[in-house]
Amino acid sequence: MKKILVALLMVVLLFSLCACGVNSNSFMSRSQVNSLSKEFSGVQAVLTLTYESNGKTIDMKVTYDLLLDQAPIAVTRFIQIANDGGYDGTRVDTYNSTYKYVVMGRYGQKDDSDGKKKYYDFRSHDVTFAGEFKQNGYRAPKGGYAEFELYSLAMYHVNEGEEFNSANGAFILDLSGEDSGLNSANYAVFAKFASMTILTDGEVTTQPTTSKRPQLSDKLVRLTSTTSRTVYDAHGENPTSIKIASNEVTVTVEILGDYDWSKLPIIR
């Protein structure tokens, strides 16, 4: 009996140690996923996209269900970056016309030492990690792979052809809702649309129905016409000319719910 108890304690200790950190070049075990899904059941996030239109401030507030059971590493990393404020002030930076999505979480602005605003590449702060999608060898989670729907979020691939350890904090927002070529075989869908509210100068103006949401997609597409910008790395060095959206659509992410975030594993 004593040996059994010791063995059980060793298993619990081993799992607790594994739960403290997750190697970025591997997937989570099913036991880790089940534990996280139970601990953070129902976790949601609010993505706010802010821009100016006709002298007014427009806030598109989109609430998401985070799919921790289907893309646990992507969700965990998303929560950690959001809670650290890592997305706040970044931008919607490009529109992919082939697959109909916008990218965000890569570039943003901050004041330099002279008080002038500069564009910075925030990806250097990110850990690259395993992309949880079929072609990457990720086994179908319980309930199957999360598929793309209108306004789904998925982790963006950093380097094409290096799928396994190529996701980072950047993510894409699907603006198609149809067969755009995006699929769970090649992308880790980690969040599904729950609801949306549009505010104009702080006042609620629209709570879009399904029929109205595609029009809002068109609005985002029009806002992402690109222009060349000088972008610096996170240290303010190595200026590079990059094409990003000419309009300022800034990003803010808030994770909802009263959870003990210290119980989330660290992706490293």
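The structure displayed is predicted, hence computed values, not measured ones.
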Exercise for the section: Over all heavy atoms of both residues, which pair between Val103 and Ile172 is shortest? Give the atoms and the distance, please. Expected result: CG2-CG2, 4.2 Å
Exercise for the section: Please tell me if the side chains of Pro141 and Arg30 come closer than 4.5 Å, counting only heavy atoms from C-beta onward. Expected result: yes
Practice task
Would you please indicate yes or no on a ring centroid separation below 6.0 angstrom for Tyr119 and Tyr107?
Solution key: no
Handout entry: Side-chain (Gln109) to main-chain (Gly89) donor-acceptor, under 3.5 angstrom
Key = no
Problem - Check: Ile73 and Glu132 side chains under 4.5 Å, non-hydrogen atoms - result: yes
Problem - Atom pair CG (Asn83) and CG (Leu264), whose distance is rounded to the nearest 0.5 Å - result: 8.0 Å
Problem - Ile244 versus Val231, closest heavy-atom pair with distance - result: CD1-CG2, 4.5 Å
Problem - Over all atoms of both residues, closest heavy-atom pair of Thr90 and Gly86 - result: CG2-O, 3.7 Å
Practice task
Apply side chain to side chain contact (heavy atoms under 4.5 Å, CB included) to the pair Phe193 and Leu150, showing each step before the final yes or no.
Solution key: CA-CA 7 Å; Phe193 175 91; Leu150 183 63; over 6 Å; no
Exercise for the section: Return the set of residues passing ring pair (Phe, Tyr, Trp, His ring centres under 6.0 Å) with Tyr101 (not counting sequence neighbours), or none when no residue passes. Expected result: none
Fill in the blank from the handout: Closest non-hydrogen contact found for Pro265 with Met28 is CG-CE, 3.7 Å
Practice task
Could you pull out all residues at least two apart from Glu39 that satisfy salt bridge (Lys or Arg N to Asp or Glu O under 4.0 Å)?
Solution key: Lys263
Handout entry: Straight-line distance of Asp121 CG to His235 NE2, nearest 0.5 Å
Key = 10.5 Å
Exercise for the section: Indicate the ring-plane relationship of Phe171 and Phe190, choosing parallel, tilted or perpendicular according to the 30° and 60° boundaries. Expected result: perpendicular
Exercise for the section: May I ask you to test the Tyr151-Leu175 pair for a side-chain heavy-atom distance under 4.5 Å? Expected result: yes
Exercise for the section: Say whether, by atom type as modelled, one donor and one acceptor occur between the side chain of Asn34 and the main chain of Ser37 under 3.5 angstrom. Expected result: no
Handout entry: Validation row: Lys61, Leu199 side chains within 4.5 angstrom (heavy atoms)
Key = yes
Practice task
With the side chain counted from C-beta on, respond yes when Tyr232 and Pro239 share a heavy-atom pair under 4.5 Å apart, and no when they do not.
Solution key: yes
Practice task
Ignoring hydrogens and angles, tell me if any N or O in the side chain of Thr128 forms a donor-acceptor pair with the backbone of Ala167 under 3.5 Å.
Solution key: no
Problem - Ser176 and Asp174: side chain donor to acceptor below 3.5 Å - result: no
Exercise for the section: For Asn96 and Tyr99, indicate whether the former's side chain and the latter's backbone hold a donor-acceptor pair under 3.5 Å. Expected result: yes
Problem - N/O donor-acceptor pair under 3.5 Å between Thr76 side chain and Pro72 backbone - result: yes
Handout entry: Criterion side chain to side chain contact (heavy atoms under 4.5 Å, CB included) against Leu49, the qualifying member of Leu220, Leu223, Asp59
Key = Leu220
Problem - Side chains of Thr48 and Glu254, donor plus acceptor under 3.5 Å - result: no
Exercise for the section: Considering non-hydrogen atoms only, spot the tightest contact between Asp88 and Val253 and give its length. Expected result: OD1-N, 3.2 Å
Exercise for the section: Indicate the atoms forming the closest heavy-atom contact of Gln32 with Val22, along with that distance. Expected result: NE2-CG2, 4.2 Å
Exercise for the section: Verify the cluster assignment for Val204 and Leu47: are they in a single hydrophobic cluster under the rule of side-chain heavy atoms below 4.5 Å apart? Expected result: no
Exercise for the section: Would you give the length of the straight line joining atom CZ of Arg77 to atom CD1 of Ile266, rounded to the nearest 0.5 angstrom? Expected result: 10.0 Å
Exercise for the section: Take Gln80 and Ile267 through the test side chain to side chain contact (heavy atoms under 4.5 Å, CB included) and record every step on the way to the result. Expected result: CA-CA 9 Å; Gln80 289 172 339; Ile267 310 301; 4.1 Å; yes
Problem - Glu237 atom CD: more than 12 heavy-atom contacts under 6.0 Å - result: yes
Fill in the blank from the handout: The reported gap from OG in Ser217 to NZ in Lys100 (rounded to nearest 0.5 angstrom) is 11.5 Å
Practice task
For the pair Ile58 and Ile198, evaluate side chain to side chain contact (heavy atoms under 4.5 Å, CB included) and give the outcome as yes or no after the intermediate values.
Solution key: CA-CA 7 Å; Ile58 310 298; Ile198 310 298; 3.9 Å; yes
Exercise for the section: Treating Ile, Leu, Val, Met, Phe, Trp and Tyr as nodes and any side-chain heavy-atom pair under 4.5 angstrom as an edge, say whether Leu68 and Leu256 lie in one connected cluster. Expected result: no
Handout entry: Full working for side chain to side chain contact (heavy atoms under 4.5 Å, CB included) between Tyr145 and Lys134
Key = CA-CA 8 Å; Tyr145 297 104; Lys134 185 177 181 180; 3.6 Å; yes
Handout entry: Residues which pass salt bridge (Lys or Arg N to Asp or Glu O under 4.0 Å) with Asp218, listed by chain and number, not counting sequence neighbours
Key = none
Exercise for the section: Please tell me if the side chains of Leu153 and Val189 come closer than 4.5 Å, counting only heavy atoms from C-beta onward. Expected result: no
Exercise for the section: Measure from the ring center of His157 to the ring center of Tyr187 and say whether it is less than 6.0 Å. Expected result: yes
Problem - Donor-acceptor under 3.5 Å (Gln44 side chain, Thr63 main chain) - result: no
Fill in the blank from the handout: Sorted by chain and residue number, the ring pair (Phe, Tyr, Trp, His ring centres under 6.0 Å) partners of Tyr138 (sequence neighbours excluded) come out as Phe27
Exercise for the section: Decide yes or no for Val75 and Phe40: does some side-chain heavy atom of the first lie under 4.5 Å from some side-chain heavy atom of the second? Expected result: no
Problem - Heavy-atom side-chain contact between Glu248 and Thr250 under 4.5 Å - result: yes
Handout entry: Donor-acceptor contact present, side-chain Thr209 to main-chain Gln207, <3.5 Å
Key = no
Exercise for the section: Quick one: do Lys56 and Asp201 satisfy salt bridge (Lys or Arg N to Asp or Glu O under 4.0 Å)? Show the steps, please. Expected result: CA-CA 6 Å; Lys56 296 182 179 181; Asp201 285 344; 5.6 Å; no
Problem - cation_pi(Lys110, Tyr120) dist<6.0 Å, angle<=45 - result: yes
Problem - Heavy atoms of other groups near Tyr259 OH, more than 12 under 6.0 Å - result: yes
Handout entry: Contact list for residues 41-67, test ring-ring contact (aromatic ring centres under 6.0 Å, His included), sequence neighbours left out
Key = none
Handout entry: side chain to side chain donor-acceptor pair (under 3.5 Å): pairs with one or both residues in residues 219-228, sequence neighbours excluded
Key = Ser225-Ser246
Fill in the blank from the handout: dist Met155:CE -> Asn168:CG (nearest 0.5 Å) comes out at 8.0 Å
Practice task
Decide, yes or no, whether a salt bridge links Lys192 with Asp65 under the criterion of side-chain N to carboxylate O below 4.0 Å.
Solution key: no
Handout entry: Ring center gap for Phe122 and Tyr87 short of 6.0 angstrom
Key = no
Practice task
Using a strict cut-off of less than 4.0 Å between a Lys/Arg side-chain nitrogen and an Asp/Glu carboxylate oxygen, indicate whether Asp111 and Lys117 qualify as a salt bridge.
Solution key: yes
Problem - Separation of Leu66 CG from Ile79 CD1 (nearest 0.5 Å) - result: 5.5 Å
